[in-house]
There are 2 protein chains.
Amino acid sequence: MNVVPDPPPHAVRRPRRASILDVAALAGVSASTVSRSLRGHSSISAATRQRVHEAAQQLSYSASPQASGLASGRTLTIGVVVPFVTRWFFVNVVAGAYEVLHEAGYDVLLYHLGTGEARDRFFERMPLSRRVDAVLTLTVPLTEEHTLALRALDMPLVTVGAALPGVSCVRIDDVGATRTAVHHLLHQGHEDIVMITGVEDEADFGFASSRCRREGYREAMEAAGLGSRIDVVSAATYGIEGGAAAMAALMDRPTLPTAVVAEYDELAIGAIRTLRRASIAVPGRMSVIGVDGHEMASVVDLTTVAQPVQEQGAVAARMLLDTLADAEASPTEVVLPTRLTVRGSTGTPWSRPSN
Amino acid sequence: MNVVPDPPPHAVRRPRRASILDVAALAGVSASTVSRSLRGHSSISAATRQRVHEAAQQLSYSASPQASGLASGRTLTIGVVVPFVTRWFFVNVVAGAYEVLHEAGYDVLLYHLGTGEARDRFFERMPLSRRVDAVLTLTVPLTEEHTLALRALDMPLVTVGAALPGVSCVRIDDVGATRTAVHHLLHQGHEDIVMITGVEDEADFGFASSRCRREGYREAMEAAGLGSRIDVVSAATYGIEGGAAAMAALMDRPTLPTAVVAEYDELAIGAIRTLRRASIAVPGRMSVIGVDGHEMASVVDLTTVAQPVQEQGAVAARMLLDTLADAEASPTEVVLPTRLTVRGSTGTPWSRPSN
DNA sequence: TTGAAAGCGCTAACAC
DNA sequence: GTGTTAGCGCTTTCAA
């Protein structure tokens with residue numbers, strides 16, 4: 001008398017899904033034919049393909065990504081690596097990339113890189129390793145070691161925001177962006193222009209875009225003969241609160257500048273909040289300009305140098321797909337244009353009332 | 001003479017990664033021992049484990065998720081399904097969930113549900129099918145059909161924001177939240193209170209939270225004997241612009257209410273922008289209150305009923321992990337508390353100047 | 001145009 | 001404690 005063996009534990013709960021063999025049986029063909037039909041190989045007769053599709057439909061069959069991945073070496077998944085999951089810029093780039101990737105049949109595996117040790121651990125364990133076909137990284141400040149780890153994956157790689165040597169990249173001209181911002185202020189007559197930047201990494205090693213934006217400010221100031229006035233304040237924390245605190249610090253000084261360029265809009269918005277609370281008129285007493293084109297800029301009437309955000313994600317995703325299809329594409333760099341959006345937070349400089 | 005066969009095409013480029021057999025050979029044990037050691041099975045002698053770990057390290061081996069998934073039935077991946085990738089609430093819930101899941105060794109596969117047809121297609125093709133061990137859905141307004149499709153996956157499922165019958169859920173008391181908001185206004189003496197809500201779906205079928213928040217407004221108004229004053233304006237589009245437009249519509253009417261409750265902060269912020277541009281004093285001429293505790297609320301000095309956002313994601317993720325570990329947990333519902341944050345956008349009602 | 005057979009790289013049941 | 005043996009569910013040669 002045969003004892004029916006218990007099914008293995010993981011099969012206990014799930015009702016067994018149709019496998020490729022079930023479809024093959026129902027369609028009266030072999031598994032390979034099913035596989036080929038369903039993936040649209042041209043070498044299958046119309047009639048066979050028809051039957052296979054019907055059988056698959058009837059059993060609501062779809063191939064196990066695990067199994068087909070194992071067999072084919074493809075995962076149909078793209079890894080997207082972001083330094084912060086919640087920040088406006090990253091979220092929108094991811095959104096732009098997602099649409100394109102999804103459309104092309106790829107899934108998106110999201111990786112949040114923390115900072116410091118968490119980041120090191122990430123690159124050590126490299127969870128991307130066999131899970132994805134390609135990687136999209138967003139302006140991640142990378143050490144050489146990290147870059148090497150990414151390279152070692154030996155798969156298509158595109159970055160958004162930061163140019164890595166030898167890696168395809170989509171970005172804006174960050175130097176030009178702040179230069180534009182400063183020019184706008186200069187045109188209005190400002191000379192006393194301070195820059196507020198984001199957190200300076202302990203490792204003195206911030207976002208590439210951060211460095212570039214500082215650089216743009218410097219260049220523009222020097223070109224205007226205001227090199228001696230260059231003055232950069234860095235925030236102690238990210239986002240709005242960082243900008244708010246930086247402005248508070250600025251206000252502790254004996255004299256106020258007439259204008260401030262913020263590295264990115266969230267800092268500018270925080271700065272404006274502080275100014276409002278202190279009843280310092282914007283732009284009457286101080287002009288404020290940002291960079292990004294943040295969704296909330298219109299609410300505080302912030303003048304800003306806007307960048308296409310979702311589009312950067314979309315373009316990057318397309319480049320990735322091209323490389324995946326082509327295999328031998330050489331690294332490209334795409335620089336998308338920015339646009340000065342003038343609103344009410346900038347105006348002619350305040351001048352000391354001539355008593 | 002034997003011809004060395006060409007490697008299959010997908011192996012051409014990638015340098016072959018160490019497999020479990022390489023590690024086994026180097027450590028002088030069998031593959032199963034390697035597998036068990038590396039996954040921390042207790043039945044392995046310390047000495048063996050030690051050797052295996054060293055060998056693995058030396059070959060920088062880590063198991064192929066594809067293969068181990070196929071063999072074990074686990075993917076170590078959680079699917080997170082969001083209706084919008086870019087909205088503040090969702091982004092923050094995802095961030096909260098991500099940390100917990102990542103910590104527990106799970107990867108996160110992100111799915112953006114569009115609207116309309118895209119959404120239907122999602123549930124038909126059900127890309128989650130064999131890719132994940134469990135699913136987290138964020139306040140997705142689901143038809144019965146969609147719900148069934150999710151159920152059919154037969155895997156742990158937790159929703160954030162919307163209670164689905166028989167499904168574990170983390171949320172706030174949405175009815176209570178707007179009730180609190182209205183009470184705040186009532187206490188200040190307002191009677192003429194209009195509610196601004198988000199887009200009404202064509203299918204008359206919005207977010208559950210949206211319905212509840214409307215309900216809270218209604219209840220509070222009726223309880224105050226102001227049932228006849230109930231007045232709900234719905235925005236034609238999402239987010240700030242929706243709120244801005246809704247307020248503009250309100251201003252086209254012959255008379256203005258003295259206060260507005262917005263279904264969520266982004267609407268309130270848009271409304272305030274419109275009021276500012278029209279130089280209508282807030283709260284002098286009109287009070288505005290929102291619900292969410294949006295990061296930007298402080299910038300426009302918005303009074304709001306704040307909810308814990310990242311925490312909802314974190315709690316949901318933990319519930320998922322518990323179910324994954326336990327298998328037989330029954331559906332639970334966790335309701336997190338909200339907190340009224342009073343700022344400067346609400347005050348005593350404007351009264352017609354008594355000529 | 002199709003089928004048979006050999007893996008892909010791992011885990012788990014079962015033996016010892 | 002550890003090894004042996006079967007798969008997991010596909011894709012891809014290779015042969016017909």
Side-chain angles (χ1 to χ4, degrees), chain A residues 3-12 14 16-25 27-52 55-56 59 61-76 129-131 133, chain B residues 3-12 14 16-25 27-52 55-56 59 61-76 129-131 133:
Chain A
V3 176
V4 177
D6 275 344
H10 66 268
V12 170
R14 306 256 197 291
R16 205 174 76 75
R17 300 203 33 148
S19 89
I20 198 170
L21 290 173
D22 299 322
V23 180
V29 295
S30 75
S32 358
T33 300
V34 173
S35 176
R36 288 190 275 245
S37 300
L38 259 24
R39 282 174 308 133
H41 269 214
S42 53
S43 64
I44 297 286
S45 77
T48 310
R49 167 172 303 146
Q50 168 80 355
R51 264 185 303 138
V52 169
L59 300 174
Y61 168 81
S62 70
S64 150
Q66 311 252 12
S68 69
L70 190 54
S72 71
R74 275 173 247 108
T75 65
L76 289 183
S129 183
R130 275 137 140 166
R131 309 214 55 159
D133 294 340
Chain B
V3 176
V4 177
D6 275 345
H10 66 269
V12 171
R14 307 256 198 289
R16 204 174 77 76
R17 300 205 29 150
S19 89
I20 199 170
L21 290 173
D22 300 321
V23 180
V29 294
S30 73
S32 0
T33 300
V34 173
S35 176
R36 289 190 278 245
S37 299
L38 259 25
R39 281 173 308 134
H41 269 217
S42 52
S43 64
I44 297 285
S45 78
T48 310
R49 167 171 304 145
Q50 168 79 356
R51 262 186 305 140
V52 169
L59 301 174
Y61 168 80
S62 69
S64 150
Q66 311 252 11
S68 72
L70 191 53
S72 71
R74 274 173 248 108
T75 65
L76 290 184
S129 184
R130 275 137 140 163
R131 310 213 56 160
D133 294 340

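Proteins get letters first, then strands, A, B, ... in listed order; numbering begins at 1 in each.
The side chain of A/R39 places an N or O atom within less than 4.0 Å of a non-bridging phosphate oxygen (OP1 or OP2) of D/dT12. The side chain of B/R130 places no N or O atom within less than 4.0 Å of a non-bridging phosphate oxygen (OP1 or OP2) of D/dG9. Between A/T48 and C/dT2, a side-chain N or O to OP1/OP2 separation shorter than 4.0 Å is present.
What separates CG of A/L70 from P of C/dC8 is a distance of 9 Å, to the nearest Å. Rounded to an integer number of Å, the gap from B/D133 CG to C/dT11 P is 14 Å. Atom-to-atom, CD1 of B/I44 to C1' of D/dG1 comes out at 6 Å; the value is rounded to the nearest Å. Nucleotide D/dG1 holds its C1' atom 13 Å from the NE2 atom of B/H41, rounded to whole Å. Nucleotide C/dG7 holds its C1' atom 15 Å from the CD atom of B/Q66, rounded to whole Å. Rounding to whole angstrom units, CG of residue B/L21 and C1' of C/dC10 are separated by 9 Å. D/dT11 atom P lies 9 Å from atom CZ of A/R74, rounded to whole Å. Computed from coordinates, the A/I20 CD1 to D/dC10 P distance equals 6 Å when rounded to whole Å.
Of all nucleotides listed (C/dG9, D/dG1, C/dT1), D/dG1 comes nearest to the side chain of B/S43.
At distances below 3.5 Å, not a single donor-acceptor pair connects side-chain atoms of A/R17 with backbone N or O atoms of A/S64. In this structure, A/T75 contributes its side chain and A/G69 its backbone to no donor-acceptor pair below 3.5 Å.
Applying the side chain to side chain contact (heavy atoms under 4.5 Å, CB included) test to B/A27 and every residue at least two apart in sequence or in another chain returns B/V29, B/V52, B/A55. With sequence neighbours excluded, the residues satisfying side chain to side chain contact (heavy atoms under 4.5 Å, CB included) with B/S32 are B/S30, B/R36.
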Filtered N/O pairs between nucleotides 3-5 of chain D and protein, under 3.5 Å:
unit_1 : atom_1 : unit_2 : atom_2 : d
D/dG3  : OP2    : B/S30  : N      : 2.9
D/dG3  : OP2    : B/S30  : OG     : 3.1
D/dG3  : OP2    : B/T33  : OG1    : 2.4
D/dG3  : N7     : B/R36  : NH2    : 2.8
D/dG3  : O6     : B/R36  : NH1    : 3.2
D/dG3  : O6     : B/R36  : NH2    : 3.3
D/dT4  : O4     : B/S32  : OG     : 3.0

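Closest of all the heavy-atom pairs between A/A56 and A/V23 is N-CG1, 3.8 Å. Closest non-hydrogen pair, A/R131 versus B/P65, comes out as CG-CG, 3.5 Å. Here the closest heavy-atom approach between residue A/D133 and residue A/G73 is recorded as OD1-O, 4.3 Å.
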